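Just passing along the structure, written as structure tokens.
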Protein chains: 2
Amino acid sequence: MGVNLKDIAQRAGVSLATVSNVVNGYRPVGERTRQRVQQAIDELGYSPNLGARHLRRGRTGLIALAVPELTNPYFAELAEIAIAEAAALGYTLVMENTAADRGAELALLDGSRQRIIDGLILSPVRIGREEVLARPAGNPLVLIGEGVYDVPHDHIAIDNVAASHAAIRHLVAIGRRRIAFIGATPGGDRQSAHLRVRGYREALAAAGLPYRPRLVARTDVFGRLDGMRAMRDLLALGDPPDAVFGYNDLVAIGALRALAEAGHRVPEDVAVVGIDDIEEGRFSVPTLTTIAPDKREIGRLAVRRLVARIEGAEVTGPLTVQTPFRLLRRESTGTPAA
Amino acid sequence: MGVNLKDIAQRAGVSLATVSNVVNGYRPVGERTRQRVQQAIDELGYSPNLGARHLRRGRTGLIALAVPELTNPYFAELAEIAIAEAAALGYTLVMENTAADRGAELALLDGSRQRIIDGLILSPVRIGREEVLARPAGNPLVLIGEGVYDVPHDHIAIDNVAASHAAIRHLVAIGRRRIAFIGATPGGDRQSAHLRVRGYREALAAAGLPYRPRLVARTDVFGRLDGMRAMRDLLALGDPPDAVFGYNDLVAIGALRALAEAGHRVPEDVAVVGIDDIEEGRFSVPTLTTIAPDKREIGRLAVRRLVARIEGAEVTGPLTVQTPFRLLRRESTGTPAA
DNA sequence: GAGCGGCTCTATAACGTTATACAGGTGATG
DNA sequence: CATCACCTGTATAACGTTATAGAGCCGCTC
């Protein structure tokens, strides 16, 4: 604690600036002096004071990934990838928990936090296009997920309408006709649900199936408990569904639980599909059919885009990138176990 | 971006230092000047440059929580609590992923990371007492979990031997006699498993049951996949167990999956108990009986201890704190659903 | 009324780094 | 041989904050 450039400079018999140049490679340094300096660094065990560097350079080397819940495995899996990618690019990634709270999201957009991080990857839930547009100019911002569209920021997400289509097509293909959706939200609160609901409706229409509003269950948030409660309500209908498409895997897993408690067989009585491909769904009983986004691609792309913006690199191509997804058939829709 | 103390000082017609004193409350400021300064701050929208502040103060306001895997829900749930507690104390908590890698853990102990964080909460997995003792003096370190004992650092954990006792007593109480353990590790790699295995053995002995080495399954790490594989192996024994105690909930959930695939009923044929009380176990089919550590207590205590050390506060009481736990009976050991 | 102590406020030197301007030395060129 | 350009290295001024030393002012005491 406390070996600084000056100590190294003294030890190596060179100036402060030369040591800085060796460390940073900012200006050419003769081979002999470089070696002497490097030796001094190794002997004294120097590592730069990042606070000072930050002050001077105006960058902290910190980027933040703000998600609505840390405990959602999808975000944990995404974070693990993003942290590794950030480290590879020389940045430290800080996790930020908005707890799906509007105030927290707004604070992130223009709060004082901004001064300590170089850029932000945000998965918005409670804020919309207007709030993002109203944001004062500042650090680069990359959006992930489906909260906000049509803003002048990089945006990485899957094509949610297409993902819903794929899920519903699959359910139709295995003979289901009364397909429910769990995870709609009231109002314009969370656009993601809107897109997934839209895909659901479009695909029903394309299959010649009627749209039944009673089969669309609303939830406040998107956890296991929400899925379980919604499924119970659906089962209480006079004419319950023969398939369920959940907003995400957690909701779907909650639905599986409700079905088990009520004594229904999956997939024989009710088939279930989710979105996210969290590991949990590969071990649930039954295993969960899901739409698997390419988390690796999303995490890496988001970090790379952000870092590119921070470093002022030229970024070509459109702001919005739709990453690939695929349908993984598992037991909850009647595919043999892996 | 860029309103600084000087701007405020000019606007308010006072000196730089006075503004700093208003912001920090470090020295008394007259009521009239305080108001004038405060007004200037509000008008210009000032927020302190944390980099500069930290350079000057020598602290960054960042603490790190290093865990072996972000995707283990136990750590995610713990992190959510710790982040909130840190924020309440004016600190930002950074998640660090050691990926259960020895090199990563060592790097955290004395690496350059140290210079950017004020303190570290570490859940050690691959390092032992010696490595911690060999650590150069530096930032405060708080240990959580069961990796390392008898070192001059704060340590927050449950009593693992007692936790195992409780689990085994419960299984014995519901009439099980061939009780397996999944999650032992070879050598002294991870002491936690040793403690849990020890409690398992002691409790068997206390119940007058024989210790059968074949019923103790080793795993590399402690994920669902490890639990599933180990359970398959146990089922392949000529005389399979009638109960399984998993190192943690993830392992136990993997075991549940293997049992389902093999067509065994839980709890009728095999009862299952885990440790951690992750949310997943409250929704699995069947729901999972578990030893629930007080995560809130662990997370808050770890952060508070660390911050107290950072701020040089007098900390009374022993270094090692054992936090409470309780047994939650659920379906996997034959308790009626909640 | 001179001296003293308490109260506000100010000037300024750090903290450790990087970027800019500049100095010294060397080799090549006219 | 003088000039120039280059290549290395140096001195130094920031970056924005906080802590220290001290200056000015007021009222009080002897």
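Remember, it's a predicted structure, so these values are computed and weren't measured experimentally. Below, each value reflects all heavy atoms present in this structure, side chains not excepted, and no hydrogens, waters or symmetry copies. In what follows, chains are A, B, ... by sequence order, proteins preceding strands, each numbered from 1.
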task: Give a yes or no on whether a donor-acceptor pair under 3.5 Å exists between the nucleobase atoms of D:dT18, that is its base, and the side chain of B:R56.
output: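 Indeed there is one.
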field: Residue mapping more 5' on DNA chain C - nearest nucleotide basis, B:E31 or B:R57
entry: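 So the residue in question is B:E31.
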Sugar-phosphate, base or nothing in reach of B:V14, heavy atoms under 4.0 Å: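 Sugar-phosphate contact only - B:V14 comes under 4.0 Å of backbone atoms but never of a base.
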- prompt: Can a side chain N or O of B:N49 be found less than 4.0 Å away from OP1 or OP2 on D:dG16?
  reply: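 For B:N49, the contact criterion (side-chain N or O under 4.0 Å from OP1 or OP2 of D:dG16) is not met.
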message: Checking the side chain of B:E105 only, and the main-chain atoms of B:T98 only, is there a donor and an acceptor separated by less than 3.5 Å?
response: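 Flag not set: sc B:E105 to bb B:T98 has no pair under 3.5 Å.
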Side-chain heavy atoms of B:L141 within contact of B:L109, under 4.5 Å: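 Yes. Closest side-chain heavy atoms under 4.5 Å.
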query: Which of the following nucleotides, D:dA11, C:dT17, D:dT17, is nearest to the side chain of A:S15?
result: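 Selected nucleotide (nearest to the side chain): D:dA11.
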field: Distance in angstrom units between B:R59 CZ and C:dC15 C1', rounded
entry: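 Whole-Å distance recorded here is 15 Å.
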Separation of atom OH in B:Y46 from atom P in D:dG16, rounded to whole Å: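 Rounding to the nearest Å, OH of B:Y46 and P of D:dG16 are 10 Å apart.
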- request: With the side chain of A:A17 defined as its heavy atoms from C-beta on, choose the nearest nucleotide among C:dG16, C:dA19, C:dT18.
  value: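 Comparing C:dG16, C:dA19, C:dT18 against the side chain of A:A17, the answer is C:dA19.
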query: Choosing from C:dT10, D:dT17, C:dT18, which nucleotide comes nearest the side chain of B:N4?
result: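 Output: D:dT17.
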message: Tell me the interatomic distance from B:L55, atom CG, to D:dA19, atom C1', rounded to whole angstroms.
response: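 Distance, rounded to whole Å: 13 Å.
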- request: Measure from the side chain of B:N24, starting at C-beta and using heavy atoms only, and say which of C:dT17, D:dT18, D:dG16 lies closest.
  value: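 Looking only at heavy atoms from C-beta outward on B:N24, the closest nucleotide is D:dT18.
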task: Please state how far atom CG in B:L16 lies from atom P in D:dT18, giving the value in whole angstrom units.
output: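 Atom CG in B:L16 sits about 9 Å away from atom P in D:dT18.
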message: Between C1' on D:dC15 and CG on B:L50, what's the gap in Å once rounded to a whole number?
response: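 Rounding to the nearest Å, CG of B:L50 and C1' of D:dC15 are 14 Å apart.
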query: Atom CZ of A:R53 to atom C1' of C:dA19: distance rounded to whole Å?
result: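 Rounding to the nearest Å, CZ of A:R53 and C1' of C:dA19 are 14 Å apart.
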message: Main chain of A:I278, side chain of A:E77: is a donor-acceptor contact present, judged purely on distance under 3.5 Å?
response: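 Answer holds: no.
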field: Atom pair distance, as rounded to whole Å: NE2 in A:H54 and P in D:dG16
entry: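 In whole Å, D:dG16 P and A:H54 NE2 are 10 Å from each other.
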message: Closest-nucleotide mapping onto DNA chain C: is B:G13 or B:A52 further toward the 5' terminus? I mean the 5' end.
response: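 Mapping each residue to its closest nucleotide by heavy atoms, the 5'-most match is B:G13.
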query: Taking only N and O in the side chain of A:S20, is any of them less than 4.0 Å away from OP1 or OP2 of C:dT18?
result: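 Result: yes.
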query: Atom CD1 of A:I41 to atom P of C:dT17: distance rounded to whole Å?
result: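 One finds 10 Å between P of C:dT17 and CD1 of A:I41, rounded.
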message: Show the nearest heavy-atom pair for residues B:E96 and B:L70, with the distance to one decimal.
response: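 So the minimum-distance heavy-atom pair works out to O-CD1, 4.4 Å.
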- request: Among the candidates C:dT18, D:dT10, C:dT10, find the nucleotide nearest to the side-chain atoms of A:N21.
  value: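 Among the listed nucleotides, the one closest to the side chain of A:N21 is D:dT10.
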message: Any carboxylate oxygen within less than 4.0 angstrom of a Lys/Arg side-chain nitrogen, looking at B:E85 and B:R300?
response: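 Counted as a salt bridge, because a side-chain N and a carboxylate O are separated by less than 4.0 Å.
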